[in-house]
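Note sheet for the following structure.
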Number of protein chains: 2
Amino acid sequence: MMSMKCKYAIKALVRLGQRFGQGYMQTKDISEKEQIPKKFLEQILLELKHARMVNSKQGLGGGYCLVKHPKDISVADVYRLFDGAIALVPCVSLNFYEKCDDCKSENDCMFRPEFIKIREGAREVMSKTSIHSFLQHAKKQSKKKK
Amino acid sequence: MMSMKCKYAIKALVRLGQRFGQGYMQTKDISEKEQIPKKFLEQILLELKHARMVNSKQGLGGGYCLVKHPKDISVADVYRLFDGAIALVPCVSLNFYEKCDDCKSENDCMFRPEFIKIREGAREVMSKTSIHSFLQHAKKQSKKKK
DNA sequence: TACATTATCTACTTGTTTGATAGAATTTAT
DNA sequence: ATAAATTCTATCAAACAAGTAGATAATGTA
């Protein structure tokens, strides 16, 4: 399961993705539309900014905007930023690797090969799902209404 | 990432799997071989018993044994028992489903289809990885030594 | 029967993380 | 100057993780 923070981040990115290339969108606006506590969302957007996924501008008419194309922001990226490793155990993580304290030799470990397979399974599907993927469904919805 | 509890459970099940069909193995034995705090392991084995994955016997010569074949205990089973849902969000979970409070209609939700794909990706690989899968690697190791 | 051995059960502890809230400071357009 | 927006830091309550403690119950053996 992902944290609320991560879920909120994805929702916010999708909102920003809908207005990609069309200027800034304010925290208040996203907060109201997605039912995210404003103060909490501020922190999230700030983290996204520090991770160079969004850009911002202060003052009147300011707000946030995507700095990358929605196709270039994956669920894996967002998950790693807020919730850390995708792998089930640190010793097979690509981005958050940590050595096992108990295991003597990684090459002889009976757990790693299988945990690597699981990581790859999860990583692949999370990497190929992007903010754009979600937006595709939003498009379908508006077509339906017509 | 999985909890230590879940990781310990898998390790314990693998140990029991090595002696599958050969009687009982004691907590103390597993605890020492896998470097798991004994008292903590007791709780874990008890939970596994309540989930009908292992069986036990008290008194001298007692201990724990697998009640299912190692091929029939998947990482998904163990993960669900200790860490809960495999899905990233409750509203697409098969075993721990919870309705979204914000989302009006699940059919029109732009997030569900993608989150279902991710769940299926993770679920598939975790379901097909069993205690037996880990044991295959242990066999290879002992062959190597010869 | 007494005893040692093993699992069973319940409660507790300690530290960390999660999901927020609060408020002051800073930047910017008008 | 002022209003509107982000930025930054601190704080908080509740839940969770990882582990400890101790009493109880079942069982085989001497």
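Atoms considered below: every heavy atom in the structure, side chains included; atoms not considered: hydrogens, waters and symmetry mates.
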Measuring to OP1 and OP2 of [N], would you say a side-chain N or O of [X] lies under 4.0 angstrom away?
X       : N      : value
B:His50 : C:dC9  : yes
B:Lys49 : C:dT8  : yes
A:Tyr8  : C:dA20 : yes
A:Thr27 : D:dT6  : yes

Write down the distance between [atom1] ([X]) and [atom2] ([N]), rounded to a whole number of angstrom.
X       : N      : atom1 : atom2 : value
B:Met4  : C:dT16 : CE    : C1'   : 15 Å
B:Glu47 : D:dG19 : CD    : P     : 14 Å
A:Gln43 : C:dA20 : CD    : C1'   : 8 Å
A:Asp29 : D:dT6  : CG    : C1'   : 15 Å
B:Met2  : D:dC16 : CE    : P     : 19 Å
A:Tyr24 : D:dT7  : OH    : C1'   : 15 Å
B:Lys5  : C:dT16 : NZ    : C1'   : 16 Å
B:Asn55 : D:dA26 : CG    : C1'   : 14 Å

Exercise. What is the ring orientation for A:Phe111 with B:Phe134, classed by angle as parallel under 30°, tilted 30 to 60°, or perpendicular over 60°?
Worked result: tilted

For this session: Please work out whether the ring planes of B:Tyr8 and B:Phe40 are parallel, tilted or perpendicular, with thresholds of 30° and 60°.
Result: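 Plane angle over 60°, so perpendicular.
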
Exercise. Side chain of B:Glu42, base of D:dT20: donor and acceptor closer than 3.5 Å?
Worked result: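 Checked by distance alone, the answer is no.
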
Problem set entry | Distance-only donor-acceptor test (3.5 Å): side chain A:Lys39, base C:dG23 | yes

Heavy-atom pair of closest approach, residues [X] and [Y]:
X        : Y        : value
A:Asn95  : A:Arg80  : ND2-NE, 3.0 Å
B:Cys103 : B:Cys109 : SG-CB, 4.1 Å
B:Leu16  : B:Tyr64  : CD2-O, 3.4 Å

Seminar exercise, completed: Winner on side-chain proximity to A:Leu46, out of D:dT7, C:dC9, C:dA20, is D:dT7

Problem set entry | Nearest-nucleotide pick for A:Phe40, side chain only, options being D:dT20, D:dA10, C:dG19 | C:dG19

Exercise. side-chain contact (heavy atoms from CB on, under 4.5 Å) between A:Leu46 and A:His50: does it pass, once the steps are laid out?
Worked result: CA-CA 6 Å; A:Leu46 213 50; A:His50 294 150; 3.9 Å; yes

Exercise. By a strict heavy-atom criterion of less than 4.0 Å, which residues belonging to residues 56-64 of chain B are in contact with DNA chain D?
Worked result: B:Lys57, B:Gln58, B:Gly59, B:Leu60

Exercise. Linking I/L/V/M/F/W/Y whenever their side-chain heavy atoms sit closer than 4.5 Å, directly or via other members, would A:Val75 and A:Leu81 fall into one cluster?
Worked result: yes

Exercise. Starting at the 5' end of DNA chain D and moving along, which residue's nearest nucleotide shows up first, A:Gln26 or B:Ser3?
Worked result: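 In this pair, the answer is A:Gln26.
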
Seminar exercise, completed: Between B:Lys38 and B:Phe82, whichever has its closest DNA chain D nucleotide further toward 5' is B:Phe82

Problem set entry | Distance-only donor-acceptor check, side chains A:Lys49 and A:Ser56, under 3.5 Å |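 Looking only at side-chain atoms, A:Ser56 and A:Lys49 do form a donor-acceptor pair, the distance falling under 3.5 Å.
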
